[in-house]
Amino acid sequence: MQSRWWSCGIRLVTWTWVWSLALLGVWCIPANEVNLLDSRSVMGDLGWVAYPKNGWEEIGEVDENYAPIHTYQVCRVMEQNQNNWLHTNWILTEGAQRVFIELKFTLRDCNSLPGGVGTCKETFNMAMKESRYIKIDTIAADESFTELDLGDRVMKLNTEVRDLGPLTRKGFYLAFQDLGACIALVSVRVFYKRCPFLVKSLAEFPDTIPGSEASQLVEVVGRCVNNSLPLYEPPRMHCSTEGEWLVPIGKCVCQPGFEEINGSCQVCKVGFYRSLLESLACSKCPPHSVARQMGATACSCEDGYYKLDSDPSNMACTPPSPVSVVRKGHTGKSSIALSWAEPDRPNGIILEYEIKYFEKEQDSSYTIIKSKDTEMVVEGLKPSSAYIFQVRARTSAGYGHFDMTLTLMFLDHFFLRRCGYSKAKQDPEEEKMHFHNGHIKFPGVRTYIDPLTYEDPNQAVHEFAQEIDVSYISIERIIGAGEFGEVCSGPLRLPGKREIQVAIKTLKAGYTEQQRRDFLWEASIMGQFNHPNIIRLEGVVTKSKPVMIITEYMENGSLDTFLKKNDGQFTVIQLVGMLRGIASGMRYLSDMGYVHRDLAARNILVNSNLVCKVSDFGLSRVLEDDPEAAYTTRGGKIPIRWTAPEAIAYRKFTSASDVWSYGIVMWEVMSYGERPYWEMSNQDVIKAVEESYRLPGPMDCPEALYHLMMDCWQRERSNRPKFDEIVCLLDKFIRNPSSLKKLVNSSHRVSNLLVEHASVEGNCSTRSQTVGEWLDSIKMGRYTELFMEGGYSSLETVAQMTSE
Ligand code: ACK
């Protein structure tokens with residue numbers, strides 16, 4: 001992950017004693033290793049102590065620069081009861097709690113010693129002392145040598161590494177105990193590993209010393225570089241005891257008014273702006289607007305041109321075309337008829353009208369509906385509420401102003417509604433665009449806008465996707481086949497930007513207009529997202545042929561194939577890191593109000609850092625392109641094995657049904673790409689799930705992860721965890737890997753057999769809280785007994801408490 005710089009040295013060692021040999025010592029130290037002791041680099045006396053004096057002895061040799069070489073040897077193989085100790089000096093730990101000891105030594109094969117076989121040993125012991133000596137290990141040679149080897153004058157040098165921890169003091173001693181072997185200890189290196197300073201995704205991570213336990217990960221929060229901000233959540237990495245940065249989470253993006261160029265944030269030039277965290281690059285001001293200073297976050301309209309503050313930043317400013325009068329017609333219990341006159345002097349042919357309405361003083365949450373006529377009935381209004389209605393016209397030159405406003409108060413319908421109010425046949429909520437700023441959870445997160453709300457699909461594509469000139473793209477390789485044409489890869493060289501590798505989806509020749517629209521649909525959706533775990537759209541090519549969708553390149557391809565190729569190759573933490581990424585991407589999509597409907601490992605892409613990203617927004621609502629999708633009796637096409645029962649039965653697709661699919665993805669990941677429900681038929685899968693049977697825990701799957709999967713497969717969708725609870729729980733596992741030590745009960749692991757579902761609760765969910773935990777969390781734990789005595793043993797009963 002991090003760049004590996006090695007510091008290297010070379011030294012010719014010759015020494016002549018029991019045997020004569022020449023060793024070429026070449027050593028390199030990786031950048032994430034910090035030496036605490038290296039006997040090869042000590043220039044003066046090492047000062048180690050041998051006891052008894054006639055045991056270990058230092059061989060006084062010098063290298064080609066006449067620098068001393070510290071080699072210790074002992075070879076009292078002919079004598080009984082040997083116990084020769086060699087003690088090092090005190091070694092400072094510099095704060096490391098876990099250190100590594102690398103020994104280079106030669107050991108003579110006892111069989112090659114004439115007459116010495118009886119007492120000769122082929123091992124020695126290594127010990128350490130903080131307060132008293134403790135044996136670390138018995139060291140044996142992988143390669144001992146015989147006289148034959150000596151004839152070649154080439155010595156077989158053994159290298160052994162042991163790790164030591166947790167260390168509790170500022171330093172320690174090492175000692176080597178010989179019990180009658182023929183050993184030459186050529187070098188001793190004591191080092192600790194650290195995760196070196198790293199800049200990744202515009203975040204800086206400092207030099208970090210790993211934790212003391214072998215499997216521990218130290219979580220480090222990165223600092224966003226100048227003029228950047230965390231996107232969605234603060235960037236984090238995890239430092240492993242091997243000194244490697246693992247499980248990247250989150251990222252930083254340049255703040256509005258800046259764009260990323262070569263890993264830093266550069267200010268937008270005059271005439272350019274960047275308003276949202278979602279877009280990556282500074283954009284040219286739209287027609288009839290200007291940015292007179294550098295670092296603009298928006299452009300202002302030229303004199304005589306207008307647009308509303310709430311209009312998208314990339315919308316052109318237009319000359320005035322206002323609708324002048326809005327009239328109220330018949331008022332129903334929750335509806336109102338509105339009419340208006342055509343503008344006097346429209347600046348083009350009127351294409352449609354836009355009616356915007358919101359509750360008075362709540363203009364951050366508004367609804368927009370469209371009409372071709374100069375009248376319309378607005379339904380689904382709340383009784384007893386004041387509303388503001390605004391109408392504007394759209395011509396080929398763009399939108400006019402919402403400057404005609406009508407304020408109305410609905411009265412007296414509240415009680416009517418309570419006693420038998422009949423709901424409109426069609427739920428108007430499903431037909432409209434909603435903008436609920438109120439539930440934005442993080443700056444920059446908007447609500448997903450269905451491209452269907454655009455009458456002209458080309459307008460939707462260009463609203464959300466940047467047009468790229470085909471000359472900036474080179475197609476180098478074909479990497480696969482998509483539904484609409486080949487998927488290729490190659491470099492994208494945008495002017496003023498660093499070259500990046502991209503994936504290029506092409507639309508094959510001879511397409512129909514409908515196919516072109518369906519193909520570009522994906523770009524209209526993907527372009528609305530900006531999250532480290534969602535595949536990033538670079539842009540589209542629509543002005544030349546073939547039509548292309550350009551996305552970031554994911555070196556490891558799709559997750560299911562990648563896992564099958566690397567069966568058993570990852571640590572549990574790496575797998576959990578992948579799952580965490582997918583959950584984080586899904587949390588973002590559900591916050592945006594987007595339901596994926598086809599979440600499966602085949603639709604996740606993996607990059608070279610093992611970061612997983614949700615992809616395939618193609619026809620998520622129709623699923624025609626998924627070979628796993630099967631026709632249901634109701635006519636829709638659904639990937640049965642990944643889909644929640646309510647979505648199969650009556651097409652109830654929600655973020656909760658995405659959570660069910662996420663549970664299946666967890667199962668796919670933990671079983672390295674196994675096919676869910678193996679070769680069972682779709683009909684049998686539906687039946688088994690209906691009868692409460694569920695997939696068994698994959699081999700070697702931690703119990704806590706299997707519990708989470710089972711929780712995602714709760715029949716009652718409101719009982720399934722939400723994506724933010726899943727992310728929270730996986731974060732807990734990553735911070736505390738020992739919670740993943742316990743593996744699933746072996747009875748769950750019988751492959752090809754489903755298990756009966758039992759409800760399990762996730763720790764991050766408030767559902768799992770007991771009354772006692774809840775009271776503790778509000779610092780009222782001392783009242784737990786009182787609550788129990790009063791019969792309030794669950795949070796449900798507490799919720800029903802009255803003030804009495
Ligand atoms: O499993 P794969 O190698 O990953 O084969 C499929 C193929 O194209 C058809 O979809 C690969 N693919 C799709 N999008 C990307 C991307 N952004 N980066 C790398 N490979 C991709 C996918």
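The first residue of the sequence shown is numbered 1, and numbering continues consecutively from there. Bear in mind the structure is a predicted one, so any value in this text is a computation, not a measurement.
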Taking side chain as C-beta onward, heavy atoms only, is [X] less than 4.5 Å from [Y]?
X      : Y      : value
Glu538 : Ile504 : no
Pro721 : Cys712 : yes
Pro737 : His238 : no
Cys488 : Arg477 : no
Lys613 : Ile534 : no
Trp660 : Thr643 : no
Cys285 : Phe272 : no
Glu725 : Arg720 : no

**OP:** Indicate the ring-plane relationship of Phe205 and Trp245, choosing parallel, tilted or perpendicular according to the 30° and 60° boundaries.
**Re:**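 Rings of Phe205 and Trp245: tilted, 30 to 60°.
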**OP:** For the residue pair Phe519 and Phe484, categorise the inter-ring angle as parallel (less than 30°), tilted (30 to 60°) or perpendicular (more than 60°).
**Re:** perpendicular
**OP:** Test Ile535 against Met526 for side chain to side chain contact (heavy atoms under 4.5 Å, CB included), laying out the working first.
**Re:** CA-CA 7 Å; Ile535 195 85; Met526 226 193 291; 3.6 Å; yes
Subject >> Criterion side chain to side chain contact (heavy atoms under 4.5 Å, CB included) on Leu610 and Val247, from CA distance to verdict >> reply: CA-CA 8 Å; Leu610 292 193; Val247 200; over 6 Å; no
[X] side, atom [atom1]; [Y] side, atom [atom2] - distance, nearest 0.5 Å:
X      : Y      : atom1 : atom2 : result
Tyr662 : Ser657 : OH    : OG    : 15.5 Å
Phe464 : Ile525 : CZ    : CD1   : 10.0 Å
Ile249 : Glu219 : CD1   : CD    : 6.5 Å
Leu599 : Asp616 : CG    : CG    : 10.5 Å
Leu507 : Asp518 : CG    : CG    : 10.0 Å

**OP:** Verify the neighbour count for atom CE of Met680: are there more than 12 heavy atoms of other residues, nucleotides or ligands below 6.0 Å?
**Re:**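 Counting neighbours around CE of Met680, more than 12 heavy atoms of other residues, nucleotides or ligands fall under 6.0 Å, so yes.
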Would you say the side-chain atoms of [X] pair up with the backbone N or O of [Y], donor to acceptor, closer than 3.5 Å?
X      : Y      : answer
Arg274 : Phe258 : yes
Asp598 : Asn603 : no
Trp642 : Arg597 : no
Asp560 : Gly673 : no

Subject >> Residue pair Tyr553, Ile479: steps toward the side chain to side chain contact (heavy atoms under 4.5 Å, CB included) verdict >> reply: CA-CA 11 Å; Tyr553 181 64; Ile479 53 174; 4.0 Å; yes
Original post:
Does the side chain of Thr542 come under 3.5 Å of the side chain of Glu467 through a donor N or O and an acceptor N or O?
Top reply: yes
Subject >> Sole residue of Leu202, Asn530, Val611 in side chain to side chain contact (heavy atoms under 4.5 Å, CB included) with Lys251 >> reply: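 Only match with Lys251 under side chain to side chain contact (heavy atoms under 4.5 Å, CB included): Asn530.
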Original post:
Charged N to carboxylate O under 4.0 angstrom, Arg580 versus Glu233?
Top reply: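 Judged by the 4.0 Å cut-off on N to carboxylate O distance, Arg580 and Glu233 do form a salt bridge.
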**OP:** Answer yes or no: is there an ion pair linking Glu260 with Arg498, defined by an N-O contact shorter than 4.0 Å?
**Re:** yes
**OP:** Carefully, step by step, assess Arg641 and Ile664 under the rule side chain to side chain contact (heavy atoms under 4.5 Å, CB included).
**Re:** CA-CA 8 Å; Arg641 281 152 218 274; Ile664 305 287; 5.6 Å; no
**OP:** Evaluate the criterion ring pair (Phe, Tyr, Trp, His ring centres under 6.0 Å) for residue pair His596 and Phe617; output intermediate values, then yes/no.
**Re:** CA-CA 7 Å; His596 191 289; Phe617 303 97; 5.4 Å; yes
